[in-house]
Structure formats: structure tokens, C-alpha cells
Amino acid sequence: MEQRLLQVALDTPLHTVFDYRWKASSPDEPLPAIGQLVVVPFGRREAVGVVVGQDAQTDLQADKIKDVIAVRHQLPPMSAHWLALCGFAADYYQRPLGEVMLPGLPKNLRALTTVALDKALKALGRLAPATKAKPRSRKKAAVAATVEEAIVDPVMADPSPDPLQLGAAPPLNPSQQQAVDAIAGAEGFAPLLLYGVTGSGKTEVYLQAAAAILRRAAEQASSSGSPEPGQSTPAPAQILVLVPEINLTPQLEGNIRARFPHLNVVALHSGLAEGERARNWLAAHLGQAHIVLGTRLAILSSLPSLKLIVIDEEHDPSYKQQEGLRYSARDLAVWRAHQLGIPVVLGSATPSLETWQHAQAGRYRRLELRQRAALQAVLPSVKVIDMERDKPVDGLTSTLIAAVRKRLEQGEQSLLFLNRRGYAPVLACDACGWISNCMRCDAFMVVHRPERRLRCHHCSLELHIPRACPTCGNVDLQPLGRGTQRVEEGLHGIFPEARILRIDADSTRLKGSAQSAFDSVHRGEVDILIGTQMVAKGHDFKKLTLVGVLNPDTALFSHDYRASERLFAQLMQVAGRAGRAGLSADGSSGEVLIQTRYPHHPLYQAVIRHDYDGFAGELLDERRQAHFPPFMYQALLRAEGRELEIAMGFLKDAASLLDAPAITINEPIPMTMMRVANVERAQLLIECPSRPTLQAFLKEWLALLRQMKTRARWSLEVDPVDI
DNA sequence: TGCACACCTTAA
DNA sequence: TAAGGTGTGCAA
């Protein structure tokens with residue numbers, strides 16, 4: 001019987017692939033293809049891995065090599081393109097291949113039994129070969145479903161002669177039409193920045209460009225011969241739409257489904273139940289899904305006929321994975337589009353400086369939408385309220401209170417934005433100076449009044465609110481500062497007749513509660529909405545005409561050089577919630593009021609002018625002079641240990657291990673939030689103006705680092721965002 | 001002596 | 001990373 005060696009990628013931190021022996025179970029069982037999923041013994045466990053090579057040389061002794069346990073023949077192998085994508089990501093982020101390939105697969109595909117997998121395949125009309133049956137030509141069996149068991153694909157079941165028949169689409173304005181034409185008419189790799197103010201109808205551009213690309217692909221497919229009978233036809237084209245967060249997906253998903261009622265639209269995000277996640281992932285992998293709408297993790301999904309990638313709100317920080325493989329879904333999307341030779345659309349009203357710089361340099365094509373799309377809707381007027389002159393009571397200035405009252409009288413909605421959840425950020429004792437420090441972290445414990453608890457937002461330690469000061473016994477403890485809960489309390493006092501709703505991570509902890517909260521705002525059951533950045537994104541509340549920003553100043557003086565870029569984007573985004581549907585009852589446009597102690601700060605002045613271009617230009621000049629990204633490439637080596645010395649010692653040794661021209665190795669520094677959950681952390685920043693030079697250095701350096709003996713836990717992040 | 005816990009080794 | 005083996009200190 002035939003025996004061959006396979007190289008298999010497994011989800012372990014070891015930077016290698018593993019050799020296994022494969023033996024045919026019957027004379028005609030084919031050698032597992034590259035990209036095939038297999039089950040192998042690993043240590044004392046079994047694990048699912050991906051075949052990444054065949055018959056490579058091995059230095060291992062023959063008796064060390066174990067046999068493959070099972071091959072997932074019922075799944076078509078992952079495509080060469082997907083393998084290349086994972087290979088690139090593994091290389092670029094300096095992680096083992098298996099750690100890129102496997103964690104992104106749905107759990108049901110990584111399970112050691114095939115029960116869930118076969119169930120999902122069956123639901124999709126693709127049947128696993130009967131496991132008990134005598135071996136037969138598996139290739140055929142794996143690809144084609146048997147007639148009586150095939151559940152008809154919903155796409156194929158539709159009697160409509162034209163599956164691309166669209167739902168009603170609003171007419172486009174000229175700049176939207178130009179953008180659609182540019183995307184649909186792009187040939188080969190084309191990165192396009194769709195720069196459009198909030199409410200300018202970017203979604204409509206995505207939808208119509210997608211329609212054009214799907215239609216063209218369908219025409220090409222039908223002119224080049226009909227599919228074999230009995231096989232479910234793979235979609236001639238697939239489109240991937242990335243969105244920042246799960247709670248945005250329902251609305252957009254609804255829009256897409258309504259527009260393409262005859263196409264197979266699937267969602268991919270971490271909030272899905274395992275069964276649905278596996279079905280949707282498989283629909284994408286089998287080419288059945290025409291449109292995949294997902295969060296960052298969807299960028300690593302298998303899409304055999306991908307023809308267009310859209311990244312909505314491309315500047316959003318949630319495209320960056322912040323644990324495990326710390327990838328940027330946006331950057332991987334651009335790489336993927338490049339490798340496939342397809343267009344990638346990056347949409348934003350406030351693009352990331354990286355993207356903006358690419359556009360300025362002509363590497364990305366810029367498409368602009370300067371007007372709001374809805375009839376009569378104009379950009380909201382933005383004003384600052386000087387908190388030195390108009391002293392706030394309960395966090396609200398009299399100007400803002402008057403503006404809210406006016407909306408109440410007009411039957412319109414107001415949104416108050418405060419990016420700080422809880423009741424108060426700290427509890428303090430006036431008598432002895434005690435404050436609510438977390439006992440495990442260098443951070444305050446936040447007062448949560450409804451739950452009557454102190455909570456650390458860094459390590460989630462929870463305590464009862466003490467009735468008296470733990471050091472001096474004083475019973476009069478004062479909450480200092482103001483979070484959303486406290487503002488909500490104050491609002492009830494000021495507007496006893498108003499319907500007030502708070503939306504933040506605390507109020508929406510239960511599954512589905514965020515959606516029902518947003519629904520009730522849409523239905524007009526809320527007069528005043530108070531919330532954190534959760535409310536700033538995506539939602540299109542028709543009756544909302546006033547946005548109040550309560551206390552954004554802290555971000556102005558952050559040590560993080562990206563803080564002002566983020567604050568600007570956040571203010572533009574939350575401001576964009578006002579007046580999207582048209583004019584207010586009194587004929588005015590939407591209004592945005594920002595309470596600040598620094599009314600003349602250039603950032604606020606730029607927001608007032610809606611002047612992203614000017615502000616981004618200034619920030620880019622600063623970055624260029626300071627040698628910061630996007631004019632510098634960075635990597636960050638982090639270390640942690642029980643004592644700070646362990647972490648610092650490791651980083652000092654690491655810093656002197658290797659040097660290279662054009663590489664700057666900075667001094668190791670203890671982290672700002674030094675102690676988190678009783679672990680001391682420190683970090684070391686590496687910089688280089690050339691990306692390839694940095695990559696080459698990291699590769700060599702990490703090989704040395706991995707040989708170092710240390711008690712520190714460490715990890716490297718390429719292109720870090722939080723430094 | 002038993003055991004909880006920290007730390008180290010190994011994976012093909 | 002996960003699982004198992006080894007070594008240490010402590011209560012009884």
C-alpha cells in the first residue's frame with residue numbers, strides 16, 4: 001500500500017511544520033492534497049491540521065514519524081491563494097503558519113469528530129461521503145452530492161430567471177455614480193479610497209459596485225459554458241464586505257439582503273453560534289456564498305471566487321486584532337486584493353493616516369463623496385461650548401441643556417456622547433485621601449452604581465462599594481468624575497418627563513440587548529440617548545437632530561500620538577449621527593455641541609469646519625517631522641514577568657543581541673499601565689524607515705530571541721497601534 | 001506522607 | 001499552547 005510523507009501545519013507556538021506518514025486506506029484513495037484538513041496525533045493529543053507540503057525532505061528518524069489518523073476528504077482543500085495569504089501573514093507577523101491557519105477556522109471544522117462538519121455540509125446540500133461505505137472514487141463523492149440527500153441550495157431553488165435581479169435601488173448622485181463606475185471598471189489590482197462624509201451614501205456605492213461586478217461575472221460565466229449537471233454551481237463571483245463591529249452588522253446585513261434578494265448573503269463574525277458559523281464559513285469556502293459580510297476575522301476566510309473586497313470605516317481600530325496573531329485586517333485585505341488582482345475599496349469619512357498618505361502619494365485612487373445623499377440633508381453645524389464660561393451642572397452646560405430641551409419640544413431625539421462607562425471613574429475619601437486603586441493593577445476601580453460595585457476595567461476585579469473608607473472609616477466617600485451612569489441619573493433630574501436610554505457595554509451585556517435598545521431608538525421610543533462609542537457608529541437614527549459631546553478633552557493631551565487622530569475620527573463619526581434624514585422641524589440642520597475647556601484647540605476648530613483634509617495634512621506633516629508612522633515602520637517587543645526586572649532584563653539582553661544598519665532599537669521602557677493583574681510589563685520599540693529592511697531584521701532577530709533562556713513571557717507585534 | 005503549586009519539557 | 005513530569009514547601 002502506498003506510503004508518503006506529508007507536512008502539516010498545526011496550531012502550536014512552535015515555528016515549524018510537522019512531518020506525518022500517510023498510508024492509503026485503499027488502492028484508489030488519493031494522496032491528500034495540499035490544503036486538505038487532516039487529523040494527526042500530536043504529543044498525547046490529537047489535532048486538526050492543514051497539509052502544506054508533500055514529500056519534503058526530513059531529518060527525523062523514521063520511527064519518530066507518526067501516521068495521519070484521518071483525512072477530511074469531504075472538504076475541498078483550501079485554495080493555493082488562501083495558503084499563500086496565510087503564508088504571507090505568518091511571515092509578516094512572525095508567527096508560525098499553523099497559528100495563522102487554524103484559529104480562524106470554525107470550531108466545528110477543527111473538531112476531532114466529523115459530526116458537526118457533516119451536519120453543516122448536509123445543510124448546504126453538500127454531502128459527506130458515507131463513512132461506512134466501501135471506498136470508491138472519493139474525488140467525485142466529495143464534490144457532488146447524491147441526488148436524494150442533496151438539500152437544494154436556496155440560490156438554485158429560486159425560480160427567478162435572473163438571480164441578479166436587484167431590489168429597489170435609490171438613484172445615485174453624480175459623485176456616487178463616478179465612484180461606482182471607478183470600482184466596477186477597475187482592472188486588476190486597484191486600491192480605492194472612498195472618501196465620503198458621514199451620510200454621503202457610501203453603502204449605496206458598495207452595493208451598486210458589487211451588483212455590477214456580480215453581473216459581469218455572471219455574464220462571463222454563462223457565455224463560457226454551462227455547469228455540469230448534478231453539481232451545485234459555484235458562485236461566479238464572491239464579494240467580501242468587512243465592517244468594524246458585530247452590532248453594526250444587522251442593519252447593513254438587512255440592506256444587503258433586501259438589495260440582493262436572490263443571492264446567498266452570509267455573515268461571518270465571532271457572535272454567531274458555532275453551527276451557523278460553520279455553515280456560513282463553508283458556504284464561502286464552497287463558493288456558494290455570493291456576498292460575505294464579516295468582521296476582521298472574515299479576512300482569513302476561504303473565498304475561491306473573490307472579486308471585490310470592501311472595507312467599511314477602514315480607519316476603525318477594531319480592524320486590528322489585539323491578541324494572538326495581531327494582524328491588521330485592512331492590511332491583509334489590501335495584500336489579498338493585490339495577490340488576486342482585484343479592486344479593494346477602503347471607505348471612510350476620516351481615513352487612517354496610512355491610507356490617506358497612500359492616496360496623497362497616488363498609490364491609492366481617491367474617490368470623493370462631498371455631499372450628504374439624503375434629500376435636504378446637509379452636514380450638521382458644529383459648535384464648541386466653553387466650559388470655563390458655561391459651568392456644567394451634572395456634567396451638562398446650560399447651553400446643551402437648552403438645546404436638548406428644544407429637541408424635546410420638537411419631538412426630536414438627542415444623543416449625548418461620553419466615552420466613559422460606569423458611574424464615576426474613581427471613589428475617594430475626603431478625610432484621609434484614600435482613592436479606589438485596584439489592588440492588582442495601576443488603575444482606579446470604577447464606581448458602578450446600579451450594581452453597587454467597584455470594578456477594575458483592566459483586570460475585571462470586582463468589589464462591593466465600601467460603606468466606609470477602608471483606611472479611616474469615614475462614611476462619606478465621594479465619587480469623582482462622571483461616567484454614563486451618573487449622567488443618566490442627572491438627566492432624569494433635569495428632564496423628568498423625557499424617555500432616557502443609556503447604551504454602553506454595561507447596559508448591553510446580555511445577548512441581543514444592544515439590538516433591542518437600538519430598535520427602540522429607531523422606533524422613536526427614546527428622547528435622549530446617552531452612550532459611549534457604541535452609539536457613535538453606523539446607526540442611522542431618523543429623528544436624531546442633536547449630538548452633545550460631554551468631555552472629550554482628555555484625549556487632547558494623551559501620550560499616545562495616535563490619540564488625536566482617533567478623537568477627530570470619533571467626533572466626526574458621532575457628529576455624523578445628527579440630521580442624517582434631513583432638516584429639523586424648525587428648518588435647521590443637525591446640530592453638534594462639544595463641551596470643552598479648550599474651545600480654540602485646532603482639533604475642535606477642524607471639526608467645526610468639517611475639515612478632515614486640512615487636519616490630516618497637519619498631522620501628516622507632524623508625523624513626517626517626528627519620524628512616526630506612516631513614515632516609519634515599527635515593531636514592538638513586549639515582555640512580562642512576576643517582577644519588573646525579569647521583563648526589563650530580557651528586553652535589555654534582546655536589545656543587544658543584534659544590530660543592523662537603518663534599524664533603531666530604542667531603550668526598553670516599563671509600560672505606563674505597568675502592573676496589570678499582578679504582572680509587570682515592559683516593552684522595546686524597533687523602528688526602521690524601510691519595511692523590507694525591518695522584516696529582514698525581525699526574522700533574524702527573532703530566531704536568536706527564541707534561543708534565549710528567559711523567565712519572561714514575551715511577544716512581538718509588527719505595526720503596533722497602541723504604544 | 002500527601003498535596004498544592006511552580007516550573008520545566010516536549011510535541012513530528 | 002496543552003499536557004504531563006519533576007521538584008519544593010508545608011501541614012499533618
Side-chain angles (χ1 to χ4, degrees), chain A residues 2-24 31-72 83 86-87 89-91 93-113 270 297 300 321-327 440 637-647 649-650 653 675-681 702-703 705-718:
Chain A
E2 197 186 1
Q3 286 197 16
R4 305 280 283 273
L5 273 192
L6 296 177
Q7 287 71 54
V8 177
L10 294 167
D11 182 18
T12 91
L14 300 175
H15 286 251
T16 179
V17 293
F18 299 87
D19 294 310
Y20 287 91
R21 190 179 298 106
W22 171 82
K23 293 175 182 165
L31 178 71
I34 289 180
Q36 200 99 53
L37 258 54
V38 291
V39 182
V40 293
F42 189 64
R44 292 154 197 85
R45 306 170 276 157
E46 293 179 359
V48 170
V50 179
V51 177
V52 294
Q54 296 164 336
D55 304 320
Q57 290 293 314
T58 177
D59 326 324
L60 284 170
Q61 290 181 302
D63 62 347
K64 285 273 203 177
I65 298 175
K66 297 181 182 173
D67 289 356
V68 170
I69 294 169
V71 183
R72 296 281 183 254
L83 292 156
C86 293
D91 238 44
Y93 294 110
Q94 312 286 341
R95 303 300 314 174
L97 188 55
E99 207 184 62
V100 179
M101 293 181 160
L102 290 144
L105 298 183
K107 282 209 176 65
N108 288 350
L109 272 83
R110 297 181 60 190
L112 295 175
T113 79
S270 57
L297 61 87
L300 287 169
Q321 169 96 27
Q322 288 293 26
E323 56 197 25
L325 176 75
R326 295 179 167 236
Y327 63 92
R440 299 197 292 181
L637 184 65
R638 292 176 217 273
E640 58 180 55
R642 207 65 205 264
E643 291 103 42
L644 185 60
E645 268 321 297
I646 295 173
F650 167 76
D653 293 346
R675 226 154 45 92
V676 174
N678 271 340
V679 177
E680 303 284 352
R681 295 151 188 265
L702 282 176
L705 282 182
R706 286 184 201 117
Q707 291 164 19
M708 275 174 67
K709 221 174 105 58
T710 173
R711 297 174 64 205
R713 279 170 56 87
W714 59 271
S715 63
L716 181 95
E717 178 167 4
V718 179

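Hydrogens, waters and symmetry mates are skipped; everything else that's a heavy atom, side chains included, is used.
- The only option from Arg95(A), Arg45(A), Arg110(A) that meets the salt bridge (charged side-chain N to carboxylate O under 4.0 Å, His left out) definition with Asp11(A) turns out to be Arg110(A).
- Within residues 42-56 of chain A, the residues approaching DNA chain C are Arg44(A), Arg45(A), by heavy-atom distance under 4.0 Å.
- Interatomic distance, CG of Leu300(A) versus OH of Tyr327(A), reported as 5.0 Å (0.5 Å rounding).
- Between Asp63(A) atom CG and dA12(B) atom C1' the separation is 11 Å, expressed in whole Å.
- For the segment residues 32-41 of chain A, the set of residues with a heavy atom within less than 4.0 Å of an atom of DNA chain C is empty.
- A side-chain contact (heavy atoms from CB on, under 4.5 Å) with Trp22(A) is found for exactly one of Leu6(A), Asp67(A), Val8(A), Leu5(A), namely Leu6(A).
- Counting any heavy atom pair closer than 4.0 Å across all strands shown, Leu60(A) reaches a base atom.
- Annotation for Arg706(A): atom CZ counts as buried by contact number, over 12 foreign heavy atoms lying within 6.0 Å.
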Checking side-chain contact (heavy atoms from CB on, under 4.5 Å) for the pair Ile69(A)/Val40(A): CA distance, chi angles, key distance, verdict?
CA-CA 5 Å; Ile69(A) 294 169; Val40(A) 293; 5.7 Å; no
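- Between the CD1 atom of Ile65(A) and the P atom of dA11(B) there is a distance of 13 Å, given to the nearest Å.
- The interatomic distance linking Gln61(A) (CD) with dA12(B) (C1') rounds to 12 Å, in whole Å.
- Ion pair Glu640(A)/Arg638(A) not flagged as a salt bridge, since none of the NZ, NE, NH1 or NH2 atoms sits closer than 4.0 Å to an Asp/Glu carboxylate oxygen.
- Note: Phe42(A) and Phe18(A) have perpendicular aromatic rings, judged against thresholds of 30 and 60 degrees for the angle between ring planes.
- Using a 4.0 Å heavy-atom distance criterion, Arg711(A) is classed as a sugar-phosphate-only contact.
- Regarding Phe18(A), its CZ atom lies at a distance of 10 Å from the C1' atom of dT10(B), rounded to whole Å.
- Between Leu14(A) atom CG and dA12(B) atom P the separation is 10 Å, expressed in whole Å.
- Between atom CG of residue Asp19(A) and atom CG of residue Leu60(A) there is a gap of 5.5 Å, rounded to the nearest 0.5 Å.
- For the pair Tyr20(A) OH and dA11(B) P, the computed distance is 11 Å after rounding to whole Å.
- In this structure, NZ of Lys66(A) is placed 8 Å from C1' of dA12(B), rounded to the nearest angstrom.
- With rounding to whole Å, Trp714(A) atom CH2 is found 15 Å from dT1(C) atom C1'.
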